[in-house]
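All of these numbers come straight from a predicted model, not from anything done at the bench. We name chains A, B, ... by the order of the sequence lines, and we start the count at 1 in each one.
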Amino acid sequence: MLSPELIDSLFPEDLPGPDHWEERYPPRDLPAGAEVTRFSPSPTGYLHIGGVYVAIIDADLAGRSGGRYLLRIEDTDQARVTEGAVEQFADALTYFTISPTEDDLSGSYGPYVQSSRAGIYLTYVRELLRGDHAYLDFSSKAELEEITARQRAAGALPGYYGKWATWRDAPGEQVEERLAAGDPYVVRFRSPGLSGGRISFTDAIRGDLSADDNRNDAVILKSSDQPLRLPTYHFAHAVDDHLMRITLVVRGDEWLSSVPLHLQLFDALGFDPIRYAHVAPLMKQDGSSRRKLSKRKDPEASVGYYIEQGYPAEAVQYYLRGLANGRLAELPLPEALAAPLQLSDFNAAGALVDLVKLDDISADYIATQSGAAIAAQVSTWATAFDPELAGIVEAEPDLAQRALAIERGDVPNPRKDLRKWADFRPVYGYFFPQIFEPVADAADARFGGLDAALVRQVASTFAGRYQPPGEDLSQWFSQIRELATQLGFAPSNKAYKQNPDAYPGSIREASQVIRVLLTGTPHSPDLAQISAALGDEEVLRRIRAVI
RNA sequence: GGCCCCGUCGUCUAGUGGCCCAGGACGCCGCCCUCUCAAGGCGGUAACGCCGGUUCGACUCCGGUCGGGGCUACCA
C-alpha cells in the first residue's frame with residue numbers, strides 16, 4: 001500500500017475531500033416517489049434515434065413522478081468528441097419536446113459536462129487510493145497485450161485481475177521509482193471479487209438477475225499523459241449519478257454485464273446503490289439476422305434523418321412510445337402521448353425499427369390537421385431543409401393554403417398523401433409553376449401506355465372547349481365524361497372491365513391523361529379543385545404542352 | 001472461449017395452465033365503394049425456434065438445445 005504522502009502528492013493540494021462534494025450536492029428535496037433520471041449521450045456525432053428513445057423514457061418517468069430529468073454530456077473520451085454535437089443534441093431534444101428539466105443554466109447539481117467535473121472525480125480517486133481500493137498501473141499497451149496473449153496460451157480468462165494484474169500488489173518502491181521517472185500511469189480499481197462468487201441484483205425492467213461477480217481491476221482514471229485527467233465511463237457513472245442524486249438509471253442493455261463492476265464501485269465509494277432499468281436497443285434487420293441500428297450504416301439511426309425528412313415530432317414520439325410500451329401503440333395518438341410509460345410494460349427484447357409503420361402513423365397524424373396548419377409546418381421545415389421551396393411557398397402563401405385545403409379539414413376522409421414534410425414537394429409541388437415541369441411527350445410513361453395520338457386528342461379536345469370551374473365544382477368533371485365518350489372511352493370502369501377490347505380504356509384512363517397533364521403525377525386530389533386553384537390560364541398552358 | 005440478456009405472424013405485439021386449431025395493428029393480396037387520384041369499408045395471407053419433461057390439459061411451468069444480441073477497451 002502506498003504511503004498517504006505519496007498518494008496526496010499525486011493530486012492538487014487544494015483538492016477538496018468527499019464531504020465537500022456531499023455538501024455541495026445535497027440530497028434533493030423532492031416528493032416521495034419522485035424519480036430523478038438522466039440522459040447521458042456522448043458528443044461523438046449526431047444523436048442516435050435510440051438516444052431519443054431513452055430520453056423519452058427518462059423525461060416521462062421523471063416528469064410524471066414530479067422529479068427531475070437532466071442532460072449530462074459524457075465526453076470523457078476526448079479524442080472522439082465532435083464539434084457541434086452538443087448543440088445538435090439540444091436542437092434534437094427541442095424538436096422532440098424532450099428538453100431536460102435541469103441543465104447548466106437551471107440546475108444546481110452541475111456542471112453537467114463530464115470534462116468540467118475533473119476535480120470531482122479526482123477527489124474520489126484519491127479517496128479510493130487512500131483506502132487501498134485502487135492502485136497505480138504503469139503497464140504499457142504492449143505489456144497489456146502480452147498479458148492477454150499469455151492468458152490465451154494458458155487458457156485463462158482474459159482481463160487484468162489476480163496474478164495477471166502486474167501492478168496490483170507491486171511494492172511501493174517500484175511505484176515511486178516509475179513515478180520519479182515521470183512514467184505515465186492509470187489508476188485501477190482493486191476489485192474485491194476475486195473469489196469467483198455470484199452476485200444478484202434487480203433490474204426494473206428485467207426483474208431479478210444474477211451474474212458472476214466482477215473480478216477485473218477496471219481502469220477508473222485514464223492515463224496521466226493526457227492533458228485533462230478524466231475517468232472512464234464506469235467511474236464517472238458511479239460518482240456522477242450519486243452526486244447528481246439520480247434515483248433511476250435508464251440505459252441500454254449493453255451495460256447489463258457491467259452492473260457487477262458498478263455495484264462494487266458504489267460499495268467501495270460508500271454510495272448507496274441506484275436502481276437500474278436496462279432497455280433493449282433499437283435494432284435493424286440485416287439479411288437474416290438483426291443488429292443494433294448503426295449510425296455509420298443506417299441513415300435512419302440518426303435523429304437528423306427524421307428531422308431532415310420532416311417527420312412531425314408527435315408521430316415519432318408516438319411510434320417510439322409504442323415500442324417502449326406495446327399497449328400504447330393500440331391507443332389513439334393523443335391518448336398515447338398523454339399516457340404514462342410503465343417500467344413493468346417494457347419488452348426485454350430489442351425491437352426492429354419499422355419505417356413503413358412510422359410512415360403510416362405519421363400520415364394518419366398529418367391527416368388530422370388543417371391545411372393551414374400543415375402549410376405552416378411545411379414552411380418552417382422548408383426554411384431549414386429546402387430553401388428553394390420555402391421561397392416559392394412564401395411568395396405565394398395563398399396557393400399553398402389552397403392546395404392543402406383540398407379534401408382536408410372538415411371532411412369525412414381527409415387526404416393521407418403526406419407522411420412527412422419532405423413529401424410536400426413531390427406531392428403538391430405541381431401547384432407552383434416554378435416547380436412544375438409540363439409534360440410535353442405524349443408517349444410519356446406516366447400516361448400508362450395509352451396511345452400517343454389518343455393522348456394528344458384528349459388534350460386538344462379538352463383544351464378546345466374548356467369550361468372553367470364554376471360555382472358548382474362537381475359540374476366541371478362532366479366535360480371529361482363527355483370527351484371520354486366522344487373519343488370512344490368506356491363510360492364506366494365496369495363497362496370497360498366487361499369488354500376491355502372494345503375500348504382504349506375507361507373514363508378513368510381519360511381522366512388520368514388530364515391528371516398527368518395538370519399535375520405531372522398519377523396521384524392527385526380532385527381535378528376540378530386543382531383547376532380552380534391553378535386558374536384557367538395555367539390549366540390551358542399545361543394541357544396544351546402536349547399537343 | 002467465458003459470462004449475461006433475449007426468442008409468438010415479414011414487423012410491433014396481446015397472451016401469466018383450459019377463454020387460443022392463438023387476438024389486434026402495420027405491410028402484403030383480393031373484393032367493394034367511386035364521374036377521376038388517394039383515402040375508406042370488407043375479407044384474406046401469416047407466428048407460439050426445436051426436443052424432452054411436469055400436467056387431465058401448455059404459448060404459458062421445468063430442463064436441454066438451437067438461434068440472435070451484448071460484454072469480455074485508458075469507447076461509451
Quiz item: If the sugar-phosphate is the primed atoms plus P, OP1 and OP2 and the base is the rest, what is the B/S/- string for nucleotides 42-49 of chain B, using protein heavy atoms under 4.0 Å?
Solution: --------
Self-check item: Identified ring-ring contact (aromatic ring centres under 6.0 Å, His included) counterpart of A/Phe266 within the set A/His234, A/His242, A/His133, A/His237
Solution: A/His237
Quiz item: Which sits closer to the 5' end of RNA chain B, A/Ser139 or A/Gly326, going by the nucleotide each is nearest to?
Solution: A/Gly326
Practice problem: Determine: side-chain N/O of A/Arg508 to OP1/OP2 of B/C37, distance under 4.0 Å, yes or no. | Solution: yes
Self-check item: Closest nucleotide among B/C75, B/G70, B/A25 to the A/Lys357 side chain
Solution: B/A25
Quiz item: Under 4.0 angstrom, heavy atoms only, what part of the nucleic acid is A/Ser40 near: base, sugar-phosphate, or nothing?
Solution: nothing
Quiz item: Which part of the nucleic acid does A/Arg408 contact within heavy-atom distance under 4.0 Å: base, sugar-phosphate only, or nothing?
Solution: nothing
Self-check item: Interatomic distance, A/Trp255 CH2 vs B/C6 P [rounded to whole Å]
Solution: 19 Å
Exercise. Please state whether the base of B/U36 and the side chain of A/Arg515 form at least one donor-acceptor pair under 3.5 Å?
Key: yes
Quiz prompt | Pairing partner of B/G7 (Watson-Crick or G-U wobble, both distances under 3.5 Å) | solution = B/C66
Self-check item: Selection from B/U11, B/G1, B/C4 that lies nearest to any side-chain heavy atom of A/Leu157
Solution: B/G1
Quiz prompt | Any donor-acceptor N/O pair, A/Asp137 side chain to A/Ser139 backbone, under 3.5 Å | solution = yes
Quiz prompt | Pairwise C1' distance, B/U60 and B/A22 [rounded to whole Å] | solution = 12 Å
Exercise. Identify whether any heavy atom of A/Val356 sits under 4.0 Å from a base atom; if not, whether one sits that close to sugar-phosphate; answer base, sugar-phosphate or nothing.
Key: sugar-phosphate
Quiz prompt | Verdict with supporting geometry, A/Tyr135 and A/Trp167, ring pair (Phe, Tyr, Trp, His ring centres under 6.0 Å) | solution = CA-CA 8 Å; A/Tyr135 60 91; A/Trp167 288 89; 8.9 Å; no
Practice problem: Kindly say if A/Ser524 contacts the phosphate of B/U36, meaning a side-chain N or O under 4.0 Å from OP1 or OP2. | Solution: no
Quiz prompt | Interatomic distance where CG belongs to A/Leu230 and P belongs to B/C74 [whole Å] | solution = 15 Å
Quiz item: Base, sugar-phosphate alone, or nothing: which one does A/Leu209 contact when heavy atoms must sit under 4.0 Å apart?
Solution: sugar-phosphate
Quiz prompt | A/Glu83, CD: over 12 other non-hydrogen atoms inside 6.0 angstrom | solution = no
Self-check item: Phosphate OP1/OP2 of B/C75 contacted by A/Lys222 side-chain N/O (<4.0 Å)
Solution: yes
Exercise. Spell out, as yes or no, whether a donor-acceptor pair under 3.5 Å connects the side chain of A/Arg206 to the backbone of A/His278.
Key: yes
Exercise. Choose from B/C5, B/A38, B/G69 the nucleotide whose nearest atom is closest to any side-chain atom of A/His523.
Key: B/A38
Practice problem: To the nearest Å, give me how far apart CZ (A/Arg251) and P (B/C75) are. | Solution: 17 Å
Quiz item: Of all the choices, B/G40, B/C4, B/U36, which nucleotide is nearest to the side chain of A/Lys416 once you look at every atom?
Solution: B/G40
Quiz item: So, A/Tyr503 versus A/Phe489, ring centres under 6.0 angstrom or not?
Solution: no
Practice problem: Measure from NZ or CZ of A/Arg446 to the centre of the six-membered ring of A/Tyr430, then state whether that distance is under 6.0 Å and the direction lies within 45° of the axis. | Solution: no
Self-check item: Partner nucleotide, any strand, of B/C29 [Watson-Crick/G-U, under 3.5 Å]
Solution: B/G43
Quiz item: What integer number of Å spans the C1' atoms of B/U16 and B/U34?
Solution: 49 Å
Practice problem: Tell me what A/Pro491 touches on the nucleic acid: a base, only sugar-phosphate, or nothing, going by heavy atoms under 4.0 Å. | Solution: nothing
Exercise. Figure out the NE2/C1' separation between A/His278 and B/G70, and round it to whole Å.
Key: 11 Å
Quiz item: Nearest nucleotide by nearest heavy atom, which residue falls closer to the 5' end of RNA chain B, A/Asp253 or A/Ala211?
Solution: A/Ala211
Quiz item: Which is true for A/Glu74 with a 4.0 Å heavy-atom rule: it touches a base, it touches only sugar-phosphate, or it touches nothing?
Solution: sugar-phosphate
Quiz item: What distance, rounded to whole Å, do you find between the two P atoms, one in B/C20 and one in B/C59?
Solution: 13 Å
Quiz item: Please give, in whole Å, the distance from B/A38 P to A/Asp526 CG?
Solution: 14 Å
Practice problem: Identify whether any heavy atom of A/Arg327 sits under 4.0 Å from a base atom; if not, whether one sits that close to sugar-phosphate; answer base, sugar-phosphate or nothing. | Solution: nothing
Quiz item: Under 6.0 Å from the six-membered ring centre of A/Tyr112 and within 45° of its axis: does the NZ or CZ of A/Arg72 meet both?
Solution: no
Quiz prompt | A/Trp421 and A/Tyr311: CA distance, side-chain angles, deciding distance, ring pair (Phe, Tyr, Trp, His ring centres under 6.0 Å) verdict | solution = CA-CA 7 Å; A/Trp421 310 133; A/Tyr311 283 99; 9.6 Å; no
Quiz item: Of the nucleotides B/C37, B/G10, B/G40, which one has an atom closest to the side chain of A/Asp354?
Solution: B/G10
Practice problem: Could you check whether A/Leu352 gets within reach of a base, just the sugar-phosphate, or nothing at all, counting any heavy atom under 4.0 Å? | Solution: sugar-phosphate
Quiz item: Does A/Asp77 pair with A/Arg80 as a salt bridge, N-O distance under 4.0 Å?
Solution: yes
Self-check item: Pairwise C1' distance, B/G49 and B/G7 [rounded to whole Å]
Solution: 7 Å
Self-check item: Euclidean distance, atom CZ of residue A/Phe346 to atom C1' of B/A14 [Å, nearest integer]
Solution: 18 Å
Quiz item: Which part of the nucleic acid does A/Pro281 contact within heavy-atom distance under 4.0 Å: base, sugar-phosphate only, or nothing?
Solution: nothing
Quiz prompt | Which nucleotide in B/A76, B/C74, B/A14 has an atom nearest any side-chain atom of A/Glu254 | solution = B/A76
Quiz item: Which nucleotide sits closest to the side chain of A/Leu256: B/C4, B/C74, B/C3?
Solution: B/C4
Exercise. Identify whether any heavy atom of A/Asp212 sits under 4.0 Å from a base atom; if not, whether one sits that close to sugar-phosphate; answer base, sugar-phosphate or nothing.
Key: sugar-phosphate
Self-check item: Watson-Crick or G-U wobble mate for B/C37, both contacts under 3.5 Å
Solution: none
Quiz item: Within this structure, what is the CG-to-C1' distance between A/Asp213 and B/U72, rounded to whole angstrom?
Solution: 15 Å
Quiz item: Over how many whole Å does the gap from A/Ile147 atom CD1 to B/C74 atom P extend?
Solution: 11 Å
Quiz item: Between A/Arg190 and A/Asp217, does at least one N-O distance fall below 4.0 Å, as a salt bridge requires?
Solution: no
Practice problem: Among B/C12, B/C6, B/C26, find the nucleotide with the atom closest to the side chain of A/Ala351. | Solution: B/C12
Quiz item: Of the candidate nucleotides B/C74, B/C37, B/U13, which contains the atom at the shortest distance from the side chain of A/Asn347?
Solution: B/U13
Self-check item: Sugar-phosphate only, base, or nothing, as touched by A/Thr521 at under 4.0 Å among non-hydrogen atoms
Solution: nothing
Self-check item: Side chain of A/Arg415 - closest among B/A76, B/U36, B/A38
Solution: B/A38
Self-check item: Below 4.0 Å: OP1/OP2 of B/A73 and any side-chain N or O of A/Arg80
Solution: no
